[in-house]
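To start, the structure under review is shown below, and the notes come after it.
Residue numbers start from 1 in every chain, and the chains themselves are labelled A, B, ... in the order their sequence lines are given, proteins ahead of strands. Values below: every heavy atom of this structure, side chains too, minus hydrogens, waters and symmetry copies. What you see is a predicted model; the values in this text were computed from it and never measured.
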Amino acid sequence: MSPDVALPLLVGLPLGAAAVSLLLLGRPLVLQRTVSLVVLATMQVLSIVVVASVWDGSVVSVRVGAVDPAVGIVLAADPLGAIMLVVSSLMLWTVMVYAIGSQRTKEQAPAFHPLYLVLAAGVAASFLTADLFNLFVAFEVMLVASYVLITLGGSRDQVRHGMTYVVIGLLASTLFITAIGLVYAATGEVNLAALAVAMDQVPTGIRTALGLLLLVVFGVKAAIFPLFQWLPDSYPTAPSPVTALFAGLLTKVGVYAIIRTQTLLFPTGGEVSIALLVLAALTMTVGVVGAIAQNDIKRILSFHIVSQIGYMIFGLGLFTLAGIAGAVLYVVHHIVVKTTLFLVGGIVEERAGTGALDRLGGAMHTAPVLAVLFLLPALSLAGIPPFSGFVAKLSLAQSGFAAEQWVVTGVSLAVGLLTLFSMTKIWNGVFWGDPARAAVSLDREHVVAAPMTVATAILVTVSLAFVVAAGPLYDFSERAASVLLERGAYVQAVLR
Amino acid sequence: MIPPTGPVHRPTGPPAGPDANSPRRSVILDVVLDLVFRTAVLFGLFLLFAGHNAPGGGFVSGLVIGTALVLRYVAGGAAEVDRVLPLEEHVLLGAGLLLAFASGAAGWIFGGAFLYGAKATLEIPVLGTVNATSALVFDVGVDLVVIGLVLGLLRSLGAAADRDADDVDTRRGVAS
């Protein structure tokens, strides 16, 4: 299948499926489930087709409606967008399998399946669009679906924390559309490739201001310091599969947008680069320190999302080939591992009815499989060899030292140690100890449905496979980074 | 396609619904509504067809028709809206979205690209020469989505407001 069909289908198919899913409301749930699984699996296949077509470091593009790029919409996939698509579609279908098996997560709610598919379309569109305004549209499609998903169930707590999420989301969107207006006023373009050319003519001061404005906009979505408070506040209250998906995908869409705009539109680095490194160090530190003070699995993990975003920004801030390659590798590793950990946290909550560390204990004896499923990604998150986190952190640290950024690289290594501490804390609280002495234990009567465990196991296997495939994966990340830094291939593919 | 027109068969005057004698019904509003409702729906349809090359389109058309429905709600509550448009909102949303997607996918057949805009000039006996575009199908989809959304809002938020108002009325009745 050619990219001409695959790229529009990746965006259009989930939207069409959402429509079918809406029409199936009130019919047996199995129909909606089938539609969701078939479509998400198809997205996985399509995204692999896209990766295969850009594997050598080329860029493919499609003019939607065959309209000239000057006025029309262009979808483009470069290695970065393609690898993000593959990993995202993997998350989308595995988390869907998990949600179908789960009893307490409102998957039966009428709006769940249609909204999930709309979210999938928004995520795919964000990675594929080559147009700043359509990036805004894709973000909105994704966010509007997420506003409902995060409050599914409608408990008092969820509405209270969901409110924060919605208000921050709307605020960031308003700022985003304002920023697009200013970019258009300065250049007369919204097509990213045309902008890359036009932005060079803009005076340096204005260009830096626009760069920082877009950084703030996407910084809110990506939860970088100091714009992160909404995340640990709102994520833990959502249903587990929703939290897992948001943790894995939504903030990373923000990171993707930062990488895309900063490398394509503001390629010189300069002041923004220094700002990025400072923000990266602060994001890493604040996130990990915040996690230490928490006493709930999902809350600890939520703070860790913030901390890990810092690593990705660190890689970007170096503005070197190795740095950006490291950041790409880190994003890919992080999406898989983080989602897995949240899925494990969800299983613990489903079995024990709580995620509070001081009430749990001894799960290693009562739920040995779950213990292994937690331990592997947890060690990987902390960067212990030989897991994928080690590979990703090593490449970041090496590029940090190569660029002689001693402070921020040192911070990143220290934060890795504190991450290990947090993971140990969860391990001690939930899995270690005597099950008889815990207030609630994961006893054998409360087992979860097989799909939940299977979905989690698939993701653990994938993250282990990263270790085996680390070489080719790193080479691909390097090709992604060189496409980002050289810009020419992307611009030509979009404007051809 | 579901015709988004109002209650064409309904006789002029106060409605014969279960809440026809509700003390909250205003005769003036009912009479004015009879004039305005159909006009608004027609104007909405005009905007839908004018939309391709002139101001208008599916979204605006949906808003105008939706506003007409809101007027119905103001006059007679959620029950009145149900009688005017007895369709589930998710059916409208789903059908509209599907129609929009289908018109996009049809672009592969007509022009070899997703969302390709095909157009044809037709000679229709009464109307004369008509320029038909595939974008119109997309717009009809958008129209249905917006109407479905308004309907969903009126039913979910409006029905709760109706219940609250009924509670107040009941309590007042007990007091007097």
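- Contacts between A/Leu7 and chain B at a heavy-atom distance below 4.5 Å are absent for every atom of the residue.
- Both the backbone and the side chain of A/Val5 come within contact range of chain B, each with at least one heavy atom under 4.5 Å from a heavy atom of that chain.
- Ring geometry for A/Tyr256 against A/Phe127 counts as perpendicular: the plane angle is over 60°, on a 0 to 90° scale with 30° as the lower cut.
- For the set A/Leu75, A/Val64, A/Asp4, A/Leu25, the entry with the most heavy-atom pairs within less than 4.5 Å of chain B is A/Leu25.
- A donor and an acceptor atom, one from each side chain of B/Ser61 and B/Asp143, are located under 3.5 Å apart.
- Residues B/Phe114 and B/Trp108 bring their aromatic ring centres within 6.0 Å.
- Between B/Phe43 and B/Phe46, the angle of the ring planes stays under 30°, which puts this pair in the parallel group of the 30/60° scheme.
- Heavy-atom distances place both the backbone and the side chain of B/Tyr116 under 4.5 Å from chain A.
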